[in-house]
Structures are given as structure tokens and as C-alpha cells.
Amino acid sequence: MSGAVGTAGAAGAAGEFTVEEQVISVLAQIYRGQVIAVGATVCADIATRLAKALYAPEIVLMAGGSMAGYDCAATPKALNDEWVASPSSVRGSDWIETFDLISAGKYAICMGPVQVDRTGSCNISVLGDWRRPKVALIGARGIPDDMVRLEELTFHVRRHTPRALVEKVDFRCGLGFGPERDELGLTLGRPGMLVTDLGVFDFDEHGAGLRVRSLHAGVSFEQVQAATGFELLAPSGKLPVTPPPTEAELACIRDEIDPLGVRRLDGPEAGPALLAELAERERELFAIPGARR
Amino acid sequence: MSGAVGTAGAAGAAGEFTVEEQVISVLAQIYRGQVIAVGATVCADIATRLAKALYAPEIVLMAGGSMAGYDCAATPKALNDEWVASPSSVRGSDWIETFDLISAGKYAICMGPVQVDRTGSCNISVLGDWRRPKVALIGARGIPDDMVRLEELTFHVRRHTPRALVEKVDFRCGLGFGPERDELGLTLGRPGMLVTDLGVFDFDEHGAGLRVRSLHAGVSFEQVQAATGFELLAPSGKLPVTPPPTEAELACIRDEIDPLGVRRLDGPEAGPALLAELAERERELFAIPGARR
Amino acid sequence: MSKVLSLGEMVTAVPPGALVSFGGGGMARKPMAAVAALAMSHTPVRLSVFLGGPDVDLMLGAGEVQSLDFAYVGFDLLGLSPNFRRARESGGLPVVEWTEAMYIAGVEAATHHVPFMPTRSGLGVDVLEVPGHPFRRFPCPLTGETLTAVPAIRPDFLFIHATEADRAGNVRITGDGFLDPYLARASGTVFVTADRLVDQLPPDLSEHETTISRLWVTGVAELPRGAAFTAVFPQWPLDYAAAGEYAAHCGDAGWLRDYAAGLATAEPAR
Amino acid sequence: MSKVLSLGEMVTAVPPGALVSFGGGGMARKPMAAVAALAMSHTPVRLSVFLGGPDVDLMLGAGEVQSLDFAYVGFDLLGLSPNFRRARESGGLPVVEWTEAMYIAGVEAATHHVPFMPTRSGLGVDVLEVPGHPFRRFPCPLTGETLTAVPAIRPDFLFIHATEADRAGNVRITGDGFLDPYLARASGTVFVTADRLVDQLPPDLSEHETTISRLWVTGVAELPRGAAFTAVFPQWPLDYAAAGEYAAHCGDAGWLRDYAAGLATAEPAR
């Protein structure tokens, strides 16, 4: 799945792009309006910058945390974001205000769940039994909070496998569609778009299951079904190909918002060696420490 | 009661002082330790500065509000305090933190109630019936809050009259001693010292009434009783004279922390003319606008 | 992304019956020009103000207040508010008297989007003994101890006066912020008048100097001395002469009308 | 009024069974030298950490944690925490899993000195379905709607690492403050290590640049690079090489002991 997976769209000269660039292009569409734009995966983070650079200058980026990078320009993605973002940052804030913004719906987030199930429930806490997990992940964090405050949640699953897309999540950090949601009268935190390395999906609002919205270039429905731990909803007719990133998007990603190539951390190369390589390159690229102070 | 009322104590050369200076000297004793020191009357405010200058450099002054003057030096009292205090201010804060400090007991305040009764209940909200007051004062403000958070409250009543020291307050902003306090199990916000232009007082802890602790120089018990709207507790023996301000205190008040004479606003001269005079003199004295920015 | 509006556009947005709040406190940083414009628009509104001063006084004097929630109304060293006195003493104004901590808790409830906040305030005092108050004593669901529930305070419109703002709506307040930053999070529509508008905050300063994010702000207007005689640190100390004149005459309906008309229509003095 | 203490004096003050919290978040501004000194003092404590990283990992690896409250434990881009994994996966560690908003609400309850805070979080998710959690669904006393009560979080001891501090205990944090300013208000004893101590904050800056008032701080120690490899903006970007080495080896008890001993006793590198 590494390297080139398709051909860039739009008017400009065609060119190849990676699946991470495809994902960034898709996710950039969810960030609009006077909101804080947050991406919990590297690609989603870069997507917030792409949105700000090309489509929605009004969004607020929070590169590097709630303080030094708050409301900064569409600066290049780094491993140490504050150092790059702070010089253009307009305001310092804190975590209490961030949750007030979430409560006010002034927030758009793409999460990176470890498990998503057919109804759209998601999990980043544990694999196996919570009392004695097979794998202790990171804890529920803010997903239960966002779920009762935001209209809709977006998901990015880096690697589409039967262990990531499961029949039922081991621990519910966010609740999907279905009878339980209806009984609770929960109308917020609806599972929205799911983007993986294979395609773009959404969930049936009655909990019937996962629907393919589009397949990335070169991916077949059968391939996606084989990589999914439950039966996908049958497509009605021919499935569209995910619109490829435009030339302008690719140029922006590569030259402006991710010249370092941090997006590779969401790809198959991810690991200590790549992180070390990026950290080394970052030092050269941005001349840390930094700008304002 | 204007002008000189007594003779300064301590080793230095004796001198005359005003009742406001007497009150400032007495009130300066209540501000000690790692607390925010607040005075709701002009004299109490100046007393916080006197305490900081001479006795308790560790206290935090908040001259001019919760932000620009927070944790400043013992700067001269002004009508526009922020302008004088800001250059030496260590930190900006806000009202939520101020109430967190009050809740943590890191706060010492002298209030300026319009009515105090024999049990120590106090009132700054209304005279007469709350629903249709004879006089609408300013509202309960923070007294009910301080009463359930601080160990003890101190009171400064500028003019000791039967209308200020009453049998029963018209509206309880703070609750005094007595059966109701005991029934509620309320142990915080105990009425502590009361300072007036005639003397220093405290309240019987069972609600039996008001006790004279000391009389200001030249004041008799009979004079105080005549100025009080209820019967004072009978003194057991000869009443002491309030210790006069020391020479060091008088020098500090007059030369360092109130050279403008703002303390006169708590005396019998108070009124629009005096305020106008002080405003005019302040302009000359401090060359507003100010220092840091 | 400019949010620059005229004062007229701001005031026109307020419908009759709206819950309106003003920033600042007492004689400090009151949005007097906006208050005067609102009063002159003859739109009866409900007021909720943490620490009221000439803002509340002017609205009451103009007769455009349907009800008032407050923790304080007064002129600080200049004494009591004449129009507040008259309104209260006539017995005709529906009021809710909050304590400071209870008002803060109500605003925090709104910022956190919960219907109430628990507080220890209210025990043993008469703010919970008067008719029509919205507070309730209740047992803590975890410990059983008795607390006071205060409802969320959610103004429909908030008017603030600030030191400066940028066109995108970021706001800088250099003196005491009172509850303004929190009220901005609690309010549906936030209008800011500023002594000066700049292209972008913070100028040469760190990001800690910006007080309120543009995310909370609906519209901004440049209005030098929009706080009239009230204090705006550091540019305007309280003008005791003008404040004294206001205090002496505001009880006169004709004088007040002329005063408000002048304030509401004054061209920004550049 | 000097509050300057040695790291040893700070750590010695912590009795067995104390509830201890650390500031910072994930791989940022963790008080690693203080954590190492605490771990080396062999004092079993209860931990409550908002966003844990190598701080929680080191304490768990040293075996000195009686229980753990958390909203997150992880190494951010460097993956999962090995010692957190082992402790959780062995099933022997009593834990309370908070959400971020619930943890914040718990800290706010403590800062306001109320026993609980209401929040909307917890609805429809499994954090309220696990054994031993301290949360409770309850009806709002004013509106009747169902909310979640979270208890106050009151650490006995809080350790923070900061950019700088003055000897009186005023603290300046220039990067993300996480919950540190609020945890300082919620905690009984607050110890701060700082990359540098200065005579008085703020230096040439405005009072907005001081993050935590000395009123909340018990002791300060100058400890350059007291956050070890974690990031302290702007002086220390995250040292990915050292962090990677920690992540690779911290599961080895011998390696971890040597690492902690070195960190706890290192002379301030001037």
C-alpha cells in the first residue's frame, strides 16, 4: 500500500500520489467554519492545515497544543509543532476553554480509533476485557466527551483490517447507531464519515451497518470486504472512485504543510526508524529552538 | 470627629492622628500570611498596604482589580489604583481564581457593611423590605460567598450610629452568631472584629451581643452606647484605649501609602466635593496614564 | 473574515425581550456607547449583569428593562445608582439578586453547557429567602451534603468594551477582565466595542496577551472612548468629573435622554 | 519569603499512600527528575494524572503505584506505555478511567471546593459500565435531566515542571499548560521544578505572562532539564532519540532503575 496509489485529479498536470495524500485530501473537506479543527492522526492533522490553506481560512488550528500554537497559520507539520506554529499564533488558551468550545459545537475533529464496529461505536481504550485487557491502549480520552457535545464525529483508520473494523468493539468510547442510542435519546456525536486506506465509508443511521461511499483508486469491493471483520452493506450499483487529490492539494501538502513528510507516519513505514529519521530531518529543517521567544 | 483625635504611640516623637489613621492602624493587624488581602472600605484598603509595607511582606495586594494590580507592591492608594499598581504587579488573574482562593481560605477581607446587628449579621443589600426597599443599596455581592468559605470576617463601619449598629439587620448578607448558625452547623464566616470610628468590638460567640474590646482615645462607653441601636454587653472593668498608631505607621500612611489623602473619603468630609478635589490632585500626583504600557 | 459592524447594526440585532448582558464592572470598562444606543432603540430587554454601574443605571433610567439579574449595582466611590434605587424602591422591577460566586457559577454552568452548577453559597443568608429566586438547595449526589444549585446564565446578547480588537474578532483587555471572557463563552451573540481596531492581534506581544478568541465573538466596532467616563486601563482613568455629573443628573429623565442620545450617535473621536 | 527547596526535600515530604499528581501531558513537560526521585524513594503512592506519559510509566515500572486515575496514558507518536500496559494487562492495578472532560470537571470541583461537578459526559459509553468507578448518574435538581456527577480530584501532592519560576513561587509556563494551573489550585501541596529560577517574575513582560501565583505553590527547585527528554516549550523540543531509547528499554526493570537513579541524582547541568 506504500508509494503511489493513484493519479491526481483536477485541471493541472496529472501525477501520482500516496494513500496518505488521498486520505488528507478527503479529510480536508470536514473542516469548515468558525471552529477549532483537530485531527487525531497525522493525516487528519495535516488535513486541518490543508483545509485552512486552501478552503477555509476561518478555521482555528491548534498546532502543538492549546497554548503556543493556538490559532496559528497553516504552518508545516512537524514533530515539535509548537516551535513552528507559535510565531503565527494569535492567542493562548487552555483545556477548560477547549472543552467549552467543544460544548458550544465550535469544534471539528477526526478521530483515529483502534477499533470501529459496524454501528459506528469506536474504541481507543483497551483490547479484550477492560478489567484485565489483552492490550491496554491509551484510555477513552475525549471521545465520550465529544460524543455528547458535537453533532458528528469523523474517523480515520490507518490500516483497514478485520482487527480494526470489528463486529463489536471491546470497549465503547463512542456509541454508534442502533436501538441503544435511540433509547438514550442521544442525538449528538453521530458517527459520520470513516476514511481508511481503502476507501470512504459511512454508517447506516439505524445501525444496519457500514456502507461504502467510495473506493480509493485501484481498490475493489471484494478487497475491502476481505479486510473488514463484518459484512458490509451491499452496494446499490457501481461504487465510485474516491476523488483523487487535486494538483493544488498535492502541491500544498508536499511543499507547504508537510515538506518534512510526517504523513509517512500514518503509512506502512511507521516505526521507530522512521520517527528517528524525521526527527533528524526536522532539526535541519526548522532550526529548533524557535522563533518568537 | 474630624481632625486630630489622639496622640501617636511608640518610641518616636508623639503626634496627633485622625480617626481614619486609627482605624487603618487597627485593621492592618488582620492581614498576615500567604493570602490575598482585601479591604472593602478605603481605610481597610489602605490597611492592607500598611500591613504589606510594615508587617507582612508576604501578603498579596490586588490594588485596582483582579488583573493589572495583582500582587503589586505597597503602592500609594489612588482613585485609579491600576495605574499606580500595575508596574509592580507580578501576575494577572481573574475572578474565578479569586473565588478559588477564597474557597481555599487564602483570602483575608474587611467588609464595610451598612448595617451590623448585635449578633454580627451584616447587610449591604437593602434597607427596609427587600421586595420594595426603603433604600436599595448595592446587593449582597460576595458577603454570602465569603461567609461559607473564610474562617472569619472583619467589619469596618465608618460612622457608628444607631442606624448602622442595629438590633436586627433588614437583610442578611452574612449570618451572625446564635441558634440559627448552630442549627445550620455553620462554622465558617464567623463575625470577628468590628472597627468603627468610636472603638474596636467583637461579638459574643453564642449571640449574646456586642462587646467593646477597646475605645478610641477620648471616647467613653456611654458615648458608644448612645450611638448603638441596641444594648452593648456590659464591660467587665475598665475598658482599654485602642492602641494608637505608631509613629512608623503614621509616617508610612502619610508619606508612602496615602500621600494623596484618599482616607479622608471614609471620614466626615466624604462627598462629591472631596472626590473632585482628590481626583484633581491625583492627576498631578501620579501623571496618569501610566507606567508599564 | 471581517466581523466589523456599526453600533447601529449591533443594536438592531437585539429583539424585544432578549436577555442582554454587559461586561466590565461597576465604574470600569462599561460599554456605555453601546448601552446608550440600545436604550435609544427603545427595545425592552431583560438584563443580567454581574457588577452593574452606569450601564444598568442608564437602561433603567430609559425605562427599557423588563427584569434585572445582578450581584451588584453601584457607582463604587461615587455612591449608589439613582435609577437602580428608583426602580427597586418603586417595587415594580422584577429582580433576581445573585451573590458574586453564585453569578460566576451560573456563567460557568453556561460555558460548560450544563443546566446548573453546585455551590456552597446561599447557606444562612436571605438571598435564598426572597420571592422568585431560581436557586435550589439539594443534596450532593455523591456525599449527601446540602449544596445550592444555581441555573446557567445564558445571555442572548453580550456587549463588551475592550482595549483593542482585531477585525477577525480577537479581543484584548488589559485591565481587570471581570467575567467578560467567561460571559463571552456563555452568550449567544457577542458584540465588542474597542478603543481601537487593529489588523491582527497580538501585535508584538505573545499570544497570552489576547484575552478573548474570535471564536466567541460575533461583531466588533471601533469606538474610541466607547466606555465614556468609565475606566479603561491603561488608556482612560475613570473621569471623576464626568462620572460625578452623570451621578448628579441621571435621575432627570430629560437630561438622561439627551446624554444617551449624544453618546449613542457621537462620531468616533479620532 | 523564599520557597526554594531541594528535590530531596520535596520527595521526602510525600508519605506512603498519598495521592500524587504530575503536571504536563503525554510527552510534554513531565517533571521527570521529580518523578524519578519519588520512585527512588520507594514510597508507594496513589497516582492521579490527567494525561500520563513516561511519568506514569516510570512510577509503574518502579512498582510504587497503589492505584491509578487517568484520562490517558501513552507516549504520543512513540506509541503505548510499556509499564502501563504491563500493569493493566496483569489485572493487578486498581484504576479509574476518566474521560478528559470528566477529569477536568473533577479538578474544577476541587478548585471550587465543592464535592462534585455535573457533566454531560459518560452517557452511552463504557466508562460508566466498569467496576469501581466513582461516578454517578443523577437528575439535575433544576431541570430533571440526567447528568453525571464526578467527584472532586484533590491531590495531596502535585509535581509540575515549568519554564521558569521565582523564589517566591510564581511560575511561568510558556507552552501548553495542560491542567497544571488548575491542578495547582486543587492540590494540597504543590512542588515546582523549573528550568531556571529568577529573582522575580514577570521579568520585562506583562503580568499576563505569569501562569501560576505563588499563593498556590509550596516549594520550587531549579532543575535545568528537569523534564528530561519530554518537551518544554520553547527551550527543549521533545528529544526523540532519548525518548525512543526510554520506550525501547523501560520495560527492563534493571535498566529503568539505573535510568531513574541517574535522573534523580543528576546535578543541575549549568
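Each chain gets a letter, A, B and so on, in the order the sequences are listed, and its residues count up from 1. Values below: all heavy atoms of this structure, side chains included; hydrogens, waters and symmetry mates excluded.
For chain C, the nearby parts of L101(A) are the backbone and the side chain; heavy atoms of each come within less than 4.5 Å.
Taken to the nearest 0.5 Å, the CD1 atom of I96(A) stands 7.5 Å off from the CD atom of E108(C). A distance of 6.0 Å separates CG of D71(A) from CG of N170(C), quoted to the nearest 0.5 Å. The line from OG of S213(C) to CD1 of I36(A) is 7.0 Å long, rounded to the nearest 0.5 Å. Rounding to the nearest 0.5 Å gives a distance of 12.0 Å between CZ of R185(C) and NZ of K106(A). How far CD of Q34(A) is from NZ of K3(C): 3.5 Å, rounded to the nearest 0.5 Å.
In terms of heavy-atom proximity, E207(C) sits nearest to S86(A) at OE2-OG, 3.2 Å. Between L215(C) and V35(A), the shortest heavy-atom contact is CD2-N, 3.7 Å. The shortest heavy-atom contact between P202(C) and S89(A) is CD-O, 3.8 Å. Among all heavy-atom pairs drawn from V90(A) and Q200(C), the shortest one is CG2-NE2, 3.1 Å.
Residue-environment remark: CZ (R46(C)) exceeds the threshold of 12 foreign heavy atoms within 6.0 Å. Within 6.0 Å of the CZ atom in R32(A), the count of heavy atoms belonging to other residues, nucleotides or ligands exceeds 12. Atom CD of E151(A) sits in a sparse spot, with 12 or fewer heavy atoms from other residues, nucleotides or ligands closer than 6.0 Å.
Between the side chains of E97(A) and W216(C), at least one donor-acceptor pair of N or O atoms lies under 3.5 Å.
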Could you go through R214(C) and V60(A), starting from their C-alpha distance and side-chain angles, then the distance that decides it, and tell me whether this counts as side chain to side chain contact (heavy atoms under 4.5 Å, CB included)? CA-CA 9 Å; R214(C) 62 187 171 92; V60(A) 170; 3.2 Å; yes

